[in-house]
Amino acid sequence: MQYVARPSSRYQQFLNRIPILGDVLRQPLGALGSVIVLVFMLTVLLAPVLAPYEYAQQDIPSMLQGPSRAHWLGTDHLGRDLLSRIIYGSRIALGVAIPAVGIALAGGVVIGLTAGYAGGIVDDVTLVLLDSVQAFPAVILALVILALLGPSLVNVIIVIGLAWTPGYARITRAQVLSTRQHQYVEVERSLGASQKRVLFLHILPNVVAPLLILAAMDLPVVITFEAGLSFLGLGVRPPTPSWGVVLSDGFNFIRHSPWPITWAGLTLIITTLGFTLFGETLRDVLDPRLSGSRGT
Amino acid sequence: MTEKILQVKKLEVKYHTREGILTAIHDASFDVDEGEIVGVVGESGCGKSTVASAVMRLLPPNGQISGGQMLFRGKDLCQLDEGGMRLLRGKDMAMIFQDAMTSLNPVFSIEQQMIDAQKARMPATGQKGQKALRERAVMMLERVGISDAARQIKEYPHQFSGGMRQRIMIAMALLSNPALLVADEPTSALDVTLEAQILELIVGLRKELGTAILYITHDLGVIARLCDKLIVMYAGNIVEYGDVFGIFDRPKHPYTQALLRSHPSHSVRADRLRTIRGRVPSLRELPLGCKFAPRCDLAGEVCHGTEPDFLLVDRRYVLCHAYGRAWGEAGPTVTLPSETRRPAAVRTLERTGSGDGVIVKTVQVRTHFRDHVAFLGQVMGQTGGTVRAVDGVDIEIRRGETLGLVGESGSGKTTLGRTILRLLDPTDGTVIIDGQDITRMPQSKLRPMRARMQMIFQDPFSSLSPRMKMASILLEPFRIHGLPVDDPKEKVDELLATVGLSSEQADKYAHQLSGGQARRVGIARALALNPDILVADEPTAGLDVSVAAGVLNLLKDLREEFNLAYVIITHNLNVISFIADRVAVMYLGKIVELAEAEYLFTQPRHPYTEALMSAIPIPDPRLRDKIQHIILEGEIPSARNPPPGCPFHPRCRYAEERCIAEVPRLREENGSQRLTACHFPERVQFRLSWD
Amino acid sequence: MRTYLLKRFAMTVLVLVLVIVYLTLLVHVVPGDPAKSLLGPRANPDLIAKTRAAMDLDKPVLVQVGNAVWKILHGSFGTDVFTGRSINELVGSALPHTLILAWVSLGLAVVIGVPLGVYSATHPDSWLDRITAVISISCITIPSYVGGLFLLLLFAVKFKVMPAIGLGEEGNVLDYVTHLILPAVALAITWVGYLARLIRASLLEVLNQTYIRAAMAAGLSPRLIFFKYALKNALIPMVAVLGVGIGNLMAGAVFVELIFSRPGMGTLIYNAIQGRNFPIVRAGVLTVAFLFVAANLLADLAYTYLDPRIQLDKVRG
């Protein structure tokens, strides 16, 4: 750990007092990730305060400008302020990602618990069905369904939820199977605990904890996925300022101004990087194999 | 004149860790002569494996030899560079590891690995050279007892059983006929019968090839069976070093004495085992002065203050102030525990007619497992096999009695234990607990009964939920059965005290406990509801001798105190001899012999029991040549397709036609309490001989 | 071993049949007449009826599904109602470009990512290892379309050193290759980072195994131990990941093909979706799904070949 910078001891004491986040912040990359996530969250909360213009406010004469004092990041082809659009875009990114991952998580847990706990033919059939849904690459699956349902914010959420459900279902199932093998589950039975008690008090917490970490790590993936769909014109429709829409608009005018693509692209990369660093450090901190050694 | 193969002088090994630099080995000096087996013994964390790695110069990257010399045939290994070391490794020095499972590369065939190992020393040219290397490999495999080696050499490691893999490792190590073999716990992961096979092999190879062996183990029985010299290690120091007979006969260092006394042995039965208080200190918090002083009964002021010298006393080295000039006139009093008694004097339970006080009874219990075949497999016509884990067992256990269940892995002993408690549903037969037939009892009715029948599980850690503190783990039984606890804190303290733990453990999580502590919490939880029946699965597995002794004493005390009925499942026969009143020997799901522990250990009647008894490593080197070593051939067959007739016949030295044709019944022999399932029990001649 | 292969194969076929069924049923899940939405609201009823017949829509649903499965398993996707060309031909002309793009990207990712990972694992906690770690994570977080747009902006629009769009002149191999560079790099970026991290993690784990110590104790040379004994074990997880990888690369190709105006499966499916040409969508998606499943099967087989243990343990129904 020599490479950890040594901030003041008061900072260290402060870190010691926060249970999990403190350990995340102790890692330099984890701290960087946390800061990015924090900035992102603040942007989502304070978008109307932070944004200098309305996101749909057009100003055709000053279209496709570079950064200036009036428009810090420049303008798009309709003269809309890029900074404002990107700030409001954060709301779309999170507004899609959280419910979508939530749907996937809920669906996956239900399916996985059922398959893992019931076993036998139910499990076999579930596995085949999951396999067949996962035979489609997620983008393709989303494209087809959105083409049929029509592009809209709600549809994007549903489609992403659907595409991510099989993954969660598989992990839940695997967790159920492995947790059932744990000896303390048998111990509970030997003590006379009922099935319900074992399932809800001992199996479920062990299943849910790793899924939550996974969900945290899936947030950035889903954010880029939504932006990608919007870029293709199949996600959020203009004028709603999804980052994908900003990219798509910028792509159409790529020979006239590099700014929309540059800013929207950088925002996407930095956001994803932040969430990924945060998620990975969180996983390392929570991973039971790494946390604490036995005995001594 | 024997040549000195290895002379280690004042060796010091350090580890660079986040907490700073830790001294793992301090001032270690010993010799290994040609053709000699030198044992290194000690509890976990004492540095025995570090010695093995240091000699091979295979310390982990953060380990460093920081002082001393290691002369290998006069050449100092510490001064050699990595290239020079490599020339010695695999040629003049070789090593075998504890876990043969992981010490062979899973993705290359045995042939490939054995040829590569030879090529490291002599580059083979062309097909002819390749063929020579292969022939040598096959020859070596045959020598270590791999049948059909020419064909088997093409196989991959996972296709061999654990015992076979260890043989292959030995064959690989001995390919070049090394002068020194370093063996790091090579039999610790094996069953007694397999261990006996491997020990026999090592003794034979030593005689044949004259290889000197540095043998690391925690098992004093193995040392007594095998070694010429013994090194006893404690907290990174060699505390005693000398002739193995001398040390076992008159141990000088207090730690050696304590270690020997805490070892259960069926040749010397005791009512209680000696334990050593406290535990091995971690390298981070080594005490000043003598490292053993905090746990030593003899320790005086000088012991806590200054480090003792490595003294030569009666041709033996001892690291103890008590043998130095400073100690004054009175040397340490070395006595064997006074409570030791010979077998004949051991109390046997009074029997008051059969059926009285019987609390557990099984009638022809069978537990079979069917393979799960997924539906696609069923469509394609696959059918699952059946594992007959328990196959017709009758037992009776009375209150206050301990029944030992022994057998090799795969004999079905754990399955039987779980079936008795209905943690598994029996396929057939009857299980009666205190007069109630629970065989088909619905779980809802069974649940209240579970308070009275408890199990101590094999792995102490995985049987404790990682998310719960000990206090809440100990209160779990009350919550499950809806029993109100007036003062939870007091209850927890009381339970912890019962198993000899302090109340500060209540706030800890499982990963913060040591193996012995976790095991004790498991016992405390099982005792929380005052059960009548306790099934303990391998209660001492993975524990160091002195810690295991504590757990065994505790079990014994608790039985007297609460009049419990015990089923102790173990493959460790020394444990059984210490604690069990009667012993059932299982083989392939059947009981082959059931008798008072007394008789079973001295006069076994079943050929399998006989082989088991002769395989036990007894911690007494004088017995090594007196006891007849019956080495069982091969390994326990799969319970999927057990052999016809007597299941033991393929490995039995007395087997005849009749054994293949007819299943022997478990029957009583002329009115005695002992039952044997053998057609020819009179042929079994094994007797434990005494001096 | 043979039962394992048979089972694995049967499973693959079953999954593909299910995929065909889904795709055929999908038209019925959404409201509206697919033929109408294909031809537009003002198409004449005759034409609509004809199209419905051509698309099998006039038959009962079960017959439609049966027909679709039957035809596709016999290798026919039918005819495009607009152009009258065989859909097989359309897919056949698009597919090679996507395959080339995906494989070249994968090759790039392996060639750059594996050495990076090997270096990091052999020099853990060195400065270069830490820099590699940051680069790898950054690479992983760059989506292919952002990478593609940036590359396009930089090399084709700003500096004009690379061709921006299309496949290049027909028959000119060099031109084809120069047109391939930017899209392939855009697609490979994520995988470079991913493979580097994967290889680092699995190598570090393998180097800690007892069999590596045993090989050292047997006096094997460090080169042999590393490149033969350790690397083969460490590459096994990568093979499994590459199976999924090739599928993801083809999906990512949708973006890259659109950005660089390359013909391919992505463009084909995307245009068909825009035109509501459902038979082509179905054919395209099915082809991608088929390749995806096939890649997974191949990866599994390679896995079996590399890791002899698998035949026994990993039998799943």
Side-chain angles (χ1 to χ4, degrees), chain B residues 52-53 55-61 82-83 85-109 112-114 116-121 155-159 169 172-173 175-176 178 181-182 184 372-382, chain C residues 1-15 122-125 204-237 239 302-317:
Chain B
S53 307
V55 168
M56 291 299 290
R57 288 268 312 272
L58 284 176
L59 289 168
E82 187 51 36
M85 205 53 221
R86 213 175 68 230
L87 291 178
L88 287 178
R89 283 192 211 123
K91 186 170 171 231
D92 299 314
M93 332 168 46
M95 183 163 180
I96 48 180
F97 298 84
Q98 173 172 1
D99 197 355
M101 206 76 114
T102 56
S103 47
L104 289 166
N105 198 317
V107 301
F108 293 102
S109 67
Q112 182 79 65
Q113 296 187 50
M114 290 187 83
D116 280 345
Q118 297 182 72
K119 269 191 191 159
R121 294 178 308 276
E155 312 264 309
Y156 289 87
H158 71 273
Q159 286 159 306
M169 269 313 287
M172 267 175 95
L175 270 175
S176 61
L181 176 68
V182 178
D184 190 359
H372 169 75
V373 179
F375 90 103
L376 196 69
Q378 285 170 4
V379 170
M380 292 171 69
Q382 271 192 352
Chain C
M1 179 69 189
R2 264 195 55 224
T3 23
Y4 169 69
L5 286 182
L6 264 174
K7 251 173 143 175
R8 189 72 184 71
F9 191 71
M11 189 72 186
T12 310
V13 172
L14 184 63
V15 163
T122 45
H123 303 78
D125 290 335
L204 281 179
E205 196 186 318
V206 168
L207 287 175
N208 258 324
Q209 297 290 319
T210 318
Y211 56 77
I212 295 298
R213 277 189 83 208
M216 284 163 76
L220 266 56
S221 76
R223 284 171 63 100
L224 187 72
I225 292 176
F226 187 80
F227 285 105
K228 185 169 176 181
Y229 279 53
L231 209 53
K232 186 172 176 190
N233 279 288
L235 287 178
I236 290 173
V239 170
Y303 208 88
T304 329
Y305 171 74
L306 281 174
D307 190 344
R309 285 166 298 183
I310 233 70
Q311 315 160 7
L312 294 172
D313 330 330
K314 213 194 140 191
V315 182
R316 202 197 67 200

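Atoms considered below: every heavy atom in the structure, side chains included; atoms not considered: hydrogens, waters and symmetry mates. Order of the sequence lines fixes the chain letters, A, B, ..., with proteins taken first and strands second; residue numbering starts at 1 for each chain. Note that the structure is a prediction, hence the values are computed from the model and not measured.
Neither the backbone nor the side chain of B:E82 comes within contact range of chain C, judged by heavy atoms closer than 4.5 Å. Both the backbone and the side chain of B:Q113 come within contact range of chain C, judged by heavy atoms closer than 4.5 Å. When heavy atoms are compared at a cutoff of 4.5 Å, B:M93 approaches chain C solely by way of its backbone atoms N, CA, C and O. The parts of B:S53 that come within reach of chain C are both its backbone and its side chain, each placing non-hydrogen atoms under 4.5 angstrom from that chain.
To the nearest 0.5 Å, atoms CZ (C:R213) and CE (B:M95) are separated by 5.0 Å. Within the model, atoms CG of B:D116 and CD1 of C:I225 stand 10.0 Å from one another, a figure rounded to the nearest 0.5 Å. Atom NE2 of residue B:H158 and atom CG of residue C:D307 lie 8.0 Å apart, to the nearest 0.5 angstrom. Summarising the geometry, atom CG belonging to B:L104 is positioned 11.0 Å from atom OH belonging to C:Y211; distances are rounded to the nearest 0.5 Å. Atom-to-atom distance recorded for C:I212:CD1 and B:L58:CG is 12.0 Å, nearest 0.5 angstrom. Taken to the nearest 0.5 Å, the CZ atom of B:F108 stands 4.5 Å off from the NZ atom of C:K232.
With no hydrogens or angles considered, no side-chain donor-acceptor pair links B:S103 and C:T210 at under 3.5 Å.
Ranking B:M172, B:Q112, B:M56 against chain C, the residue ahead of the rest is B:Q112, based on heavy-atom pairs under 4.5 Å.
B:M169 approaches C:A214 most closely through the heavy-atom pair CE-CB, 4.3 Å. Closest approach of B:R86 to C:P222, counting heavy atoms only: NH1-CD, 3.3 Å.
Counting only heavy atoms from C-beta outward, the side chains of C:M216 and B:M85 never approach each other to under 4.5 Å. Side-chain contact between C:Q209 and B:N105 is absent, with no heavy atoms from C-beta onward closer than 4.5 Å. Proximity of C:I236 to B:V107: side-chain heavy atoms (C-beta onward) are separated by under 4.5 Å at one or more points.
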